[in-house]
Undergrad: 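Just dropping this structure here.
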There are 2 protein chains.
Amino acid sequence: MARPQRRTVRDIRRGNRAVLLRALYFSGPTSRNDLTARTGLSAATVSTMTADLLGENIVVEAGQVESDGGRPRVLLRVNPEYGFAVGVDVAETHVRVGLFDLEMTERAKVDYMLRPARHDPELVARHILAGVEVVLSDAGVSPEQVLGIGVGVPGIVEPGADGVIHAKTFGWDGVPLGALLRRGTSLPLYVDNGAKTMGQAELWFGSGRGASDAVIVLLGVGVGATIVADGTTFRGVSSSAGEWGHTKIVAGGRPCRCGGRGCLEAYIGIEAILDRAGVTSGGDWEEDLARVLASKSPVVEETVTYLGVGLANLVNLVNPEKIVIGGWVGVQLGESLLPGIRRATAANSLAEPYAATSIVLGRLGPDAVALGAATLVLEEFLNAPQVARITAAG
Amino acid sequence: MARPQRRTVRDIRRGNRAVLLRALYFSGPTSRNDLTARTGLSAATVSTMTADLLGENIVVEAGQVESDGGRPRVLLRVNPEYGFAVGVDVAETHVRVGLFDLEMTERAKVDYMLRPARHDPELVARHILAGVEVVLSDAGVSPEQVLGIGVGVPGIVEPGADGVIHAKTFGWDGVPLGALLRRGTSLPLYVDNGAKTMGQAELWFGSGRGASDAVIVLLGVGVGATIVADGTTFRGVSSSAGEWGHTKIVAGGRPCRCGGRGCLEAYIGIEAILDRAGVTSGGDWEEDLARVLASKSPVVEETVTYLGVGLANLVNLVNPEKIVIGGWVGVQLGESLLPGIRRATAANSLAEPYAATSIVLGRLGPDAVALGAATLVLEEFLNAPQVARITAAG
DNA sequence: CATCTTAGTTCAGAGGCGAAAACAAGCACC
DNA sequence: GGTGCTTGTTTTCGCCTCTGAACTAAGATG
């Protein structure tokens, strides 16, 4: 029952400005005339507001297009160089830092390898801060031009300014990554779970584009999901919503590395798939998985069934318009098995919600986590295109 | 990415009016002074707005309270007789119609029994329409005073004006109940799933009060859930979100009446519990269940475990602040077994989200479905306290 | 070059909010 | 009882935002 409370007449301007900017951003080059139609605002308002935005250099002109018989339309677009966003992917084996312009074109990136078992928080923080400096100088961008730094990490991120992280598999329990980073930078920081940032990327720029109720699942070493309700990522009361990988699909079943039994991840996480297939990994999981898939072992069919059960539970519970399967395992499975995955999902879900859902593969590849992290910055920019706050994403 | 688009200066007034009215409604008798603090609005705005509301008779004075040394505060409250709401519960065995004032005090009610297997939509519609007439005349309320009719039904309700219902267990597939009712009344109609209306009732007036991220589960013949995110009931793209009963907790497990296997309902639905305990029902399920619970059969412990698994999946996926267990089976189980249910849930969920959740019993009893249905009308009234629309709830 | 068409800008007016001044209604103390 | 103090409520006034309508801009057409 916590409802938003709006107030003054000034909020209208801010809100409408955000509406206009979003329309401009997602419709590409657009004339003022189109914008009145798209936003529902009057021509007068669009005129004054675009004048403001042009004056602030947030928006720039982008050519003209003649209209039959009358004055040609002037096209406008968001200035992709008005500002930049840093996106960071903290994963089990590496830290990747990317610099993106406002169109989310990657301008520079840098990777730091992590020794698989050692994840000293200080070291990770140093890598990130160093990475930011590197990508800025590589791209010739000054820190003042950067609107913020988004960071995608494994595990659960507490809401709050310190960006406190709990990631059992990572060996982090209560690491205040946000606070560590703030010692080295004054830029706005947004820390969020990596599955969520990936989901955000697929939702805004990938296969989920345009959906307002969607689930983006991440299949990799871990298994997670981003649940999007009415255009907003669903976080729950302590930002840990979407822990799909540890929902139980076989009560009392296979043991999971989380300590529980029968978790979805204990069936379709990469380690579980290889284990069920009796493969002792040679070190390259992608290759191992490819071999299992080629083997026509019954394990493949079982995996599809388990995944279908997991997806069906999401269909029943969330009733999404779209399910996007991402993560490298997800894409590798999906490429050959998508029809079977759809069948298995249909077999385990109710007819009405299943009929409303389309199941598709993600299309952003492994950089989606960093891109999505940068998107946190973009989102803030589009919502309040001048007042950037220095907080962790909650 | 579907964001609300706001526009003119007039929307502010409407929005602030709703904020004020909500504050007034949920804080009981309150002075204008308190309202400025509660709503964040200026004293000036509160003053003019309350003057309007008093003039329209939506708000009335409710005594005074002296303040140490100064002018006494005049208390205001929503006029409980400004309007009335009808709430209807369409269940497997009966149709219940209740008339509520704005404080949700029941002023009259009437029941119609349904022969268990026969659910002619026309008959149900006739019962509802007749029931409305009966409760109005019993309470001496004229139709003009009624703000709307809320109806809670089993199954999935399509979004849209016709209130089309799909309820397999009820024998309804595509029944346009809303359209049937509109032939007999011109009052605003809100049709929604009964588990959701019950959830709404517990959220607003029962154990869920004050929570903004919550799940209200309904355990009865069927098993369902209402997921509340940020104060709003989560419906999904085709309004069927929350079909928790048919999520799978044992892939390939017990057959369920939905046609699937391993559904939660196939373990903790009342028929499943009795079946697993080997009880052939004597007709009174409540008594049967009481006997099973008293028997200390291992089935009891198993039931707790399965319920815990189902709840744990909600904890992991939704990360709610509160889980309310409702429905008659839920309450009967919970009364003696709540600590065990909590333990089973903890054992099957991740530590962080579990720590953020409290699991409690519902406290509204069997009338919650009708009350919640009436609450749909109340909600509309609080959001737009003069313009009532004639549509089905989507 | 006059006219038509479409795009974009300017202006006046209405409605809304908040700060502060004004007003109201008690209490305390002389 | 009068005077000042305290607190609650209303009124006044200035500022902000939006919109409709009039107006300007810029091209096409014949």
Side-chain angles (χ1 to χ4, degrees), chain A residues 4-21 23-24 27 29-55 59-77 384-386, chain B residues 4-21 23-24 27 29-55 59-77 384-386:
Chain A
Q5 309 205 154
R6 273 162 229 110
R7 242 152 302 191
T8 170
V9 76
R10 236 131 159 181
D11 298 329
I12 290 194
R13 188 71 168 179
R14 222 188 359 249
N16 281 340
R17 189 174 151 123
V19 165
L20 188 74
L21 205 61
L24 217 34
S27 308
T30 317
S31 71
R32 293 173 177 81
N33 209 342
D34 269 11
L35 287 171
T36 67
R38 258 181 238 277
T39 61
L41 294 166
S42 72
T45 304
V46 170
S47 179
T48 60
M49 202 124 61
T50 51
D52 282 2
L53 291 166
L54 280 163
V59 163
V60 292
E61 297 196 349
Q64 298 199 344
V65 69
E66 87 285 355
S67 68
D68 36 21
R71 175 176 173 171
R73 283 176 263 201
V74 176
L75 296 179
L76 302 173
R77 62 189 294 213
Q386 69 276 36
Chain B
Q5 309 206 154
R6 272 161 230 112
R7 243 153 302 189
T8 171
V9 77
R10 235 131 161 182
D11 298 330
I12 290 196
R13 187 72 167 181
R14 223 189 357 250
N16 281 341
R17 187 173 153 125
V19 166
L20 189 75
L21 204 61
L24 217 34
S27 309
T30 317
S31 71
R32 293 175 179 79
N33 207 346
D34 270 12
L35 287 171
T36 68
R38 258 181 238 279
T39 61
L41 293 166
S42 73
T45 303
V46 170
S47 179
T48 60
M49 203 125 60
T50 53
D52 283 1
L53 291 166
L54 281 162
V59 163
V60 293
E61 297 197 348
Q64 298 199 344
V65 67
E66 87 284 356
S67 69
D68 36 21
R71 175 175 173 174
R73 284 176 262 200
V74 176
L75 296 178
L76 303 173
R77 61 189 295 214
Q386 67 278 35

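The figures here come from the full heavy-atom set of this structure, side chains too, leaving out hydrogens, waters and symmetry mates. Everything numeric here is computed off the predicted structure, so don't read it as measured data. Per chain, numbering begins at 1; letters A, B, ... match sequence-line order.
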Undergrad: How far apart are the closest heavy atoms of B/E61 and B/L54, and which atoms are they?
TA: N-CD2, 4.1 Å

Undergrad: Answer yes or no: is there a side-chain heavy-atom contact under 4.5 Å between A/T39 and A/M49?
TA: no

Undergrad: Looking at D/dT7, I'd like to know if its phosphate oxygens (OP1 or OP2) sit under 4.0 Å from a side-chain N or O belonging to B/N33.
TA: no

Undergrad: Grab the two heavy atoms, one from A/L35 and one from A/A23, that are nearest each other, plus how far apart they are.
TA: CD2-CB, 4.0 Å

Undergrad: Taking atom P of C/dA7 as reference, at what distance in whole Å does atom CD of A/E61 sit?
TA: 16 Å

Undergrad: Can you check the A/D11 CG to D/dC18 P distance for me, whole Å?
TA: 11 Å

Undergrad: For the pair made of CG in A/L20 and C1' in D/dT19, what is the distance, rounded to whole Å?
TA: 16 Å

Undergrad: Calculate the interatomic distance between B/R73 atom CZ and D/dG8 atom P; express it in whole Å.
TA: 5 Å

Undergrad: Treat primed atoms plus P, OP1 and OP2 as sugar-phosphate and everything else as base, then score nucleotides 18-29 of chain C 5' to 3': B for base contact with protein heavy atoms under 4.0 Å, S for sugar-phosphate contact only, - for none.
TA: BB----BBBS--

Undergrad: A/R13 side chain N/O closer than 4.0 Å to the phosphate oxygens (OP1, OP2) of D/dC18?
TA: yes

Undergrad: Whole Å only: how far is the CZ atom of A/R38 from the P atom of C/dA7?
TA: 14 Å

Undergrad: Round to a whole Å and report the spacing from CZ of B/R14 to P of D/dC18.
TA: 16 Å

Undergrad: At their closest point, which heavy atom of B/T36 faces which heavy atom of B/N33, and how far apart are they?
TA: OG1-O, 2.7 Å

Undergrad: Donor-acceptor check, side chain of A/S27 to backbone of A/L24, threshold 3.5 angstrom: yes or no?
TA: no

Undergrad: Take atom CE of B/M49 and atom C1' of D/dT11, then tell me their distance rounded to the nearest Å.
TA: 16 Å

Undergrad: Look at B/N16 and C/dG16 and indicate whether a side-chain polar atom (N or O) is within less than 4.0 Å of OP1 or OP2.
TA: no

Undergrad: Which is more 5' along DNA chain C, the nucleotide nearest A/V74 or the one nearest B/T48? Just name the residue.
TA: A/V74

Undergrad: Tell me the interatomic distance from B/D52, atom CG, to C/dG16, atom C1', rounded to whole angstroms.
TA: 12 Å

Undergrad: Which atom pair, heavy atoms only, marks the closest approach of A/T8 to B/I12?
TA: O-CD1, 3.1 Å

Undergrad: Considering all heavy atoms of both residues, which atom of B/A62 and which atom of B/R77 are nearest to each other, and what is their separation?
TA: CB-CD, 3.4 Å

